[in-house]
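Everything on this sheet refers to the single structure shown next.
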Amino acid sequence: MRLIAANWKMHKTVSETEDYIRRFLELLGDVPDREVLLCPPFTALHRAGELLRETPVRLGAQNCHYEKSGAFTGEVSPVMLREVGCSYVIVGHSERRHIFGENDELINRKLVACLEEGLRPILCVGEKLEEREAGMTFKVVETQLRLALSGIEEHTDRIDVAYEPVWAIGTGVPATPEDAVSVHRFIGEILRELNPSASGKTRVLYGGSVKPANAGEFMRHPEVNGLLVGGASLDPESFSEIVRSF
Ligand code: 13P
């Protein structure tokens with residue numbers, strides 16, 4: 001089933017989350033053939049988990065630590081996320097990589113921790129503008145994938161991947177569907193090589209300036225197994241429109 005995910009980033013208080021979810025559930029209606037996921041900030045997860053419990057909408061976190069507990073001031077563990085109702089965690093988002101200095105080794109440890117806790121990670125990969133201009137898109141994406149999945153290749157059926165070109169995030173300039181599809185195909189080839197038996201079980205989502213007006217253009221390609229939406233997911237009207245746009 002295709003996955004349409006909302007990454008709220010550092011937006012929405014608990015009361016704003018309550019208002020959003022009430023409205024979103026009204027607007028969403030019945031969407032049996034696609035999975036819908038909301039990833040609010042940590043402080044809103046518990047309340048969101050309560051409100052989504054009896055609904056088909058899934059809950060995810062935007063980050064986690066790789067240990068279950070310990071002296072890691074300011075961090076949140078997969079065990080804690082599981083308890084408040086999360087079934088997904090976004091791992092290695094470009095903002096984590098580039099603003100907070102996360103490297104591939106750290107991302108790998110986080111993936112291992114999520115899998116141990118039964119959480120489904122969404123591993124984010126994508127090239128920066130200068131890497132794209134230098135013709136390094138495929139190399140960058142391949143390196144990120146291989147390092148992140150190192151040692152857990154046999155579990156790729158329990159992981160999804162999001163291709164988010166860094167230059168397309170929050171800029172209003174998405175990749176063309178054709179460019180995205182060629183990277184999605186390439187990611188699919190690497191995943192097949194890493195784990196032939198998991199073929200087709202890892203969804204490859206596109207993220208970067210997705211809006212109601214362009215979501216359908218990505219989703220009509222079979223290589224695009226879903227979307228990871230930032231800015232346009234903050235409004236329940238526009239996110240429900242994206243979910244229903246194909
Ligand atoms: P925008 O949709 O705001 O470009 O953000 C994409 C993103 O980073 C989702 O994780």
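K68 places none of its side-chain heavy atoms less than 4.5 Å from the side chain of M80. Residues N7 and Q62 have side chains in contact (heavy-atom distance under 4.5 Å, counting atoms from C-beta outward). At a threshold of 4.5 Å between non-hydrogen side-chain atoms, the residues K110 and H65 do not count as touching. Side-chain contact between L51 and R22: present, with at least one pair of heavy atoms (C-beta onward) separated by less than 4.5 Å. Between S77 and C64, every side-chain heavy-atom pair lies at or beyond the 4.5 Å cut-off. Between S240 and V36, the closest side-chain pair of non-hydrogen atoms is not below 4.5 Å. Considering only heavy atoms from C-beta on, V224 comes within 4.5 Å of H184 through its side chain. Put simply, the side chain of I107 reaches to within 4.5 Å of the side chain of L123, judged on heavy atoms.
Contact check on E50 versus R53 returns no salt bridge, with no Lys/Arg side-chain nitrogen under 4.0 Å from an Asp/Glu carboxylate oxygen. Residues R146 and E142 are paired through a salt bridge, judged by an N-O separation under 4.0 Å between the basic side chain and the carboxylate. Between R97 and E102 there is no salt bridge, since no side-chain N of the basic residue sits under 4.0 Å from a carboxylate O of the acidic one. The pair E35-R2 fails the salt-bridge criterion, with no side-chain N (NZ, NE, NH1 or NH2) lying under 4.0 Å from an Asp/Glu carboxylate O.
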Self-check item: Residue pair E237, R23: steps toward the salt bridge (Lys or Arg N to Asp or Glu O under 4.0 Å) verdict
Solution: CA-CA 8 Å; E237 266 80 13; R23 181 80 186 119; 3.0 Å; yes
Exercise. Begin from the C-alpha positions of I122 and Y88 and carry the test side chain to side chain contact (heavy atoms under 4.5 Å, CB included) through to its verdict.
Key: CA-CA 7 Å; I122 301 175; Y88 284 85; 3.9 Å; yes
Quiz item: Under the side chain to side chain contact (heavy atoms under 4.5 Å, CB included) criterion, do L227 and I242 qualify, and how do the steps go?
Solution: CA-CA 9 Å; L227 300 167; I242 289 172; 3.9 Å; yes
Quiz prompt | Trace of the salt bridge (Lys or Arg N to Asp or Glu O under 4.0 Å) decision for R185 with E223 | solution = CA-CA 6 Å; R185 268 198 202 121; E223 293 87 351; 2.9 Å; yes
Exercise. Walk me through it: do L234 and K12 pass the test side chain to side chain contact (heavy atoms under 4.5 Å, CB included)?
Key: CA-CA 8 Å; L234 293 173; K12 297 198 190 293; 4.1 Å; yes
Self-check item: Stepwise side chain to side chain contact (heavy atoms under 4.5 Å, CB included) test for T55 and L52
Solution: CA-CA 5 Å; T55 79; L52 295 175; 3.9 Å; yes
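Of all heavy-atom pairs spanning Q144 and D104, the tightest one is CA-OD1, 3.8 Å. For P78 against A113, the heavy-atom pair with the smallest separation is CG-CB, 3.9 Å. Across every non-hydrogen atom of C86 and A61, the tightest pair is SG-N, 3.9 Å. Looking at every heavy atom in both residues, C124 comes nearest to L228 through SG-CD2, 4.0 Å. Summarising the geometry of E153 relative to L194, their closest heavy-atom pair is CB-O, 3.7 Å, with the distance given to 0.1 Å. The two residues M1 and P32 make their nearest non-hydrogen contact at SD-O, 3.3 Å.
By the rule that hydrophobic residues join a cluster once side-chain heavy atoms approach within less than 4.5 Å of another member, L205 and V91 end up as members of separate clusters. Following chains of ILVMFWY side-chain contacts shorter than 4.5 Å, one can reach V125 starting from V204, so the two form part of one hydrophobic cluster. Grouping the Ile, Leu, Val, Met, Phe, Trp and Tyr side chains by contacts below 4.5 angstrom, directly or via other members, places V243 apart from L27. Taking hydrophobic clusters as Ile, Leu, Val, Met, Phe, Trp and Tyr residues chained together by side-chain heavy-atom distances below 4.5 Å, V161 does not share a cluster with L3. The hydrophobic cluster containing M219 does not contain L37, counting ILVMFWY residues as joined when their side-chain heavy atoms lie under 4.5 angstrom apart, directly or transitively.
The line from SG of C39 to CG of L45 is 8.5 Å long, rounded to the nearest 0.5 Å. Summarising the geometry, atom NZ belonging to K211 is positioned 10.0 Å from atom OG belonging to S238; distances are rounded to the nearest 0.5 Å. Interatomic distance, CH2 of W8 versus CD1 of I90, reported as 12.0 Å (0.5 Å rounding). Taking CG of L147 as the reference point, atom OG1 of T143 lies at 6.5 Å (rounded to 0.5 Å). Taking NZ of K9 as the reference point, atom OG of S233 lies at 8.5 Å (rounded to 0.5 Å). For the atom pair CG of N103 and CZ of R109, the computed distance is 10.0 Å after rounding to the nearest 0.5 Å.
Residues N195 and K201 bring no donor and acceptor atom of their side chains to less than 3.5 Å of each other. With no hydrogens or angles considered, no side-chain donor-acceptor pair links Y66 and E75 at under 3.5 Å. Counting only N and O atoms by type, the side chains of S150 and N108 include no donor and acceptor under 3.5 Å apart.
Remark: the backbone N or O of P222 is paired with a side-chain donor or acceptor of N225 at under 3.5 angstrom. Between the side chain of R120 and the main chain of S87, no donor-acceptor pair closer than 3.5 Å is present. Formation of a donor-acceptor pair under 3.5 Å by the E217 side chain with backbone atoms of N214 is not found in this model.
Residues satisfying the side-chain contact (heavy atoms from CB on, under 4.5 Å) criterion with E83, sequence neighbours excluded, are absent altogether.
M136 belongs to a hydrophobic cluster with V140, counting contacts under 4.5 Å between side-chain heavy atoms of Ile, Leu, Val, Met, Phe, Trp and Tyr, direct or through other members.
Relative ring orientation between F218 and Y206 is described as parallel, the plane-to-plane angle staying below 30° on a 0-90° scale split at 30° and 60°.
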Taking distance alone, no hydrogens or angles, what donor-acceptor pairs closer than 3.5 Å link side-chain atoms of residues 162-182 to residues at least two apart or in another chain?
from, atom 1, to, atom 2, distance (Å)
Y163, OH, E127, OE1, 2.9
Y163, OH, E127, OE2, 3.1
E164, OE1, H93, NE2, 3.1
W167, NE1, E127, OE2, 2.9
T171, OG1, W167, O, 3.0
T171, OG1, A168, O, 3.4
T171, OG1, V173, N, 3.1
T176, OG1, D179, N, 3.0
D179, OD2, R132, NH2, 2.8
S182, OG, D179, O, 2.9

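A cation-pi contact, defined as under 6.0 Å to the ring centre and within 45° of the axis, is absent between R244 and F239.
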